[in-house]
Amino acid sequence: MSCAQTLQDYGLRAIGIGERRLPTTDFTLCEQVVLIGSGLIWNVYFAALSLAAGFVLATGLALAKTSPRALLRRPAEGFIFLFRGSPLFIQFFLFYSAVVLLPRDGIDLGAFTLPTSTLSKAWLGALIVLTLNTAAYSAQIFHGALMQVPKGEVEAADAYGLAGWARFRRIVWPTAMRLAWPAYTNEAIFLFHATTLVFFSSFPAFRQSGDALYYASYIVGKTFNPFVAYPLVAAYFILATLALTALFGVANRRLNRHLPGSATRLRFRPRLIR
Amino acid sequence: MFEFCSDPSTLERLPWLACYLTTGTHLSFYASFGTVLLLLAITAPVALAFGFAAAMAARSHIAPLAWIGKLYTLMVRGIPDIVFFLFVPIAVDQGLEWLRSRALCDPSVPVRQGNEFVVCAAAKLPQSTAAPWVHDIYAFGLAVLAFAIVFGAFAANVLYGAMRAVPHGQLEAAEAYGMTPGQVNRRVLIPQMWTFALPGLSNLWMILIKATPLLFLLGIEDIVYWARELGGSKTSTYAYPHGDWRLWYFLVILCFYLAMTAISERVITRLSRRFARGQATVAGAAQGAWA
């Protein structure tokens with residue numbers, strides 16, 4: 001079988017398009033590269049959506065954490081402690097085992113039905129856990145940045161008659177983002193790497209559609225040869241990490257465009273599993 | 001455990017629970033918390049040693065040694081750690097068996113035959129006749145090695161940065177006193193770097209705690225393994241039938257980890273205050289003023 005044929009069969013295998021049956025013996029290098037690359041779609045999907053949703057949630061949480069009102073501050077602090085203080089791996093298991101206890105055919109919430117069976121699927125369930133998890137980590141970063149916004153800038157905004165929402169949107173938030181960005185870049189890469197946990201933590205791979213590491217471990221399980229598939233995953237992730245760093249670098253330069261020379265090069269200072 | 005537990009089906013709620021929570025499998029579950037703590041206790045110093053060696057190598061004046069040190073620290077950047085956790089144990093296991101098979105078996109027989117990795121019985125690790133605990137120790141040892149390699153690279157990053165953060169004047173002053181490079185390292189560089197390394201190392205410790213459930217992926221019977229085993233629903237053929245209780249077991253594990261991280265955070269705050277004493281930093285100066 002030619003490599004082009006393999007690409008056609010397995011290129012989108014991870015999202016259920018193409019040949020359904022996975023090869024079981026005599027994996028060619030091409031098959032391994034294509035299958036693992038197709039799995040990477042899932043990693044990108046999880047990372048992109050949970051980062052986007054987590055970003056919004058984190059901004060809210062960080063603001064709540066700065067609030068003088070205990071009614072707002074305490075829940076935010078509790079949420080951040082819960083998700084930063086426990087392993088993501090356990091959070092996946094906990095979420096999954098809670099969801100499977102819910103009634104199978106959904107919970108009627110008046111306006112709509114909570115689709116409980118969908119929650120136990122990786123594409124939604126794992127996405128929710130990842131979103132909550134990254135929201136907690138990002139909120140901690142954003143909170144630190146909000147605390148670091150120079151007092152002079154806020155006073156200057158006051159002097160110009162900016163207050164409330166306008167002051168936050170035009171002065172405080174852009175500066176906080178600028179300060180938080182290097183740490184947030186780290187968090188984004190970290191989350192991207194954490195997406196490899198999804199199919200190893202109770203979430204079943206529906207019709208053997210999994211992420212890059214899922215296919216790699218499938219291949220290793222069949223061939224007992226870890227020296228091809230795992231380095232391939234590693235290579236894919238190094239490339240994707242470089243791309244992600246470049247993407248965040250563009251945003252970093254834009255956030256710092258009024259301060260020539262201050263946009264420091266972003267470096268991934270790795271942290272590990274959460 | 002208790003005498004009244006001999007016939008569980010006759011028990012009422014509280015005694016039933018007391019008996020249920022003291023079955024042999026539950027005792028294994030409690031013991032597996034010890035496994036996690038043991039992993040932490042062994043991995044932390046081993047990883048620190050790996051990291052220290054790599055950081056010293058990266059600072060070396062001998063180019064190849066410096067490259068190896070830097071490559072090792074760069075390696076974990078960009079590659080998800082789980083890849084290492086899955087790769088290292090199987091790769092090391094096959095590597096050792098391959099080496100042994102070259103020495104102990106007929107070298108003309110290839111170890112890779114189609115989809116199989118085959119070595120003769122004499123080269124097997126551990127030997128198939130070995131006691132079960134030998135197999136357990138071997139698997140646990142491979143897990144520790146995987147953790148130490150990954151966390152060693154992270155620790156190397158931290159320590160390399162900390163060594164560069166030690167004020168250069170201090171090292172020059174030591175040289176001016178006529179100390180040899182080894183003495184400068186031992187007497188000035190290494191004692192002085194800890195205060196700079198502590199924030200990074202404490203972050204690493206928190207991450208290490210939160211990485212321990214991955215033992216489950218390495219086939220160790222750890223707390224996640226037992227939570228799934230014990231929590232799964234048990235039909236009436238079991239002595240203690242119950243529904244799907246995995247949620248409650250995972251809640252216990254969650255609380256365990258929250259407690260671990262909360263306690264660690266307290267200890268680290270104290271330690272950092274202790275290490276800042278006498279340092280030429282803002283924190284050190286502030287303490288000097290109070291003393």
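In what follows, chains carry the letters A, B, and so on, assigned in the order in which the sequence lines appear, proteins first and then strands, with residues in each chain numbered from 1. All values below were derived from every heavy atom in this structure, side-chain atoms included, with hydrogens, water molecules and symmetry-related copies excluded.
The greatest number of non-hydrogen atom pairs below 4.5 Å with chain A, out of Thr261(B), Leu251(B), Leu258(B), is found for Leu258(B). No other option in Phe227(A), Phe93(A), Phe237(A) has as many heavy-atom pairs under 4.5 Å with chain B as Phe93(A). Contact tally against chain A (heavy-atom pairs below 4.5 Å) for Tyr249(B), Phe87(B), Trp248(B): the top residue is Phe87(B). If you tally non-hydrogen atom pairs under 4.5 Å between each of Leu244(A), Val100(A), Thr223(A) and chain B, the highest count goes to Thr223(A).
Looking at Leu254(B), the atoms closer than 4.5 Å to chain A (heavy atoms on both sides) sit in the backbone and in the side chain alike. Only the side chain of Phe216(B) comes within less than 4.5 Å of a heavy atom of chain A; its backbone N, CA, C and O stay farther away. Contact of Ile223(B) with chain A is not made at all, since no heavy-atom distance falls under 4.5 Å.
Taking the six-membered ring for Trp and the full ring otherwise, the centers of Phe92(A) and Phe200(A) sit at least 6.0 Å from each other.
Side chains of Trp205(B) and Ser264(B): a donor-acceptor N/O pair is present below 3.5 angstrom, by distance only. Between the side chains of Thr195(A) and Asn43(A), at least one donor-acceptor pair of N or O atoms lies under 3.5 Å.
The main-chain N or O of Ile149(B) is found under 3.5 Å from a side-chain atom of Tyr72(B) such that the two form a donor-acceptor pair.
Both the sub-6.0 Å distance and the 45° axial angle are satisfied by Arg84(A) relative to the ring of Tyr137(A).
Using a 30° and 60° split on the angle between ring planes, Trp42(A) and Tyr45(A) fall in the perpendicular class, above 60°.
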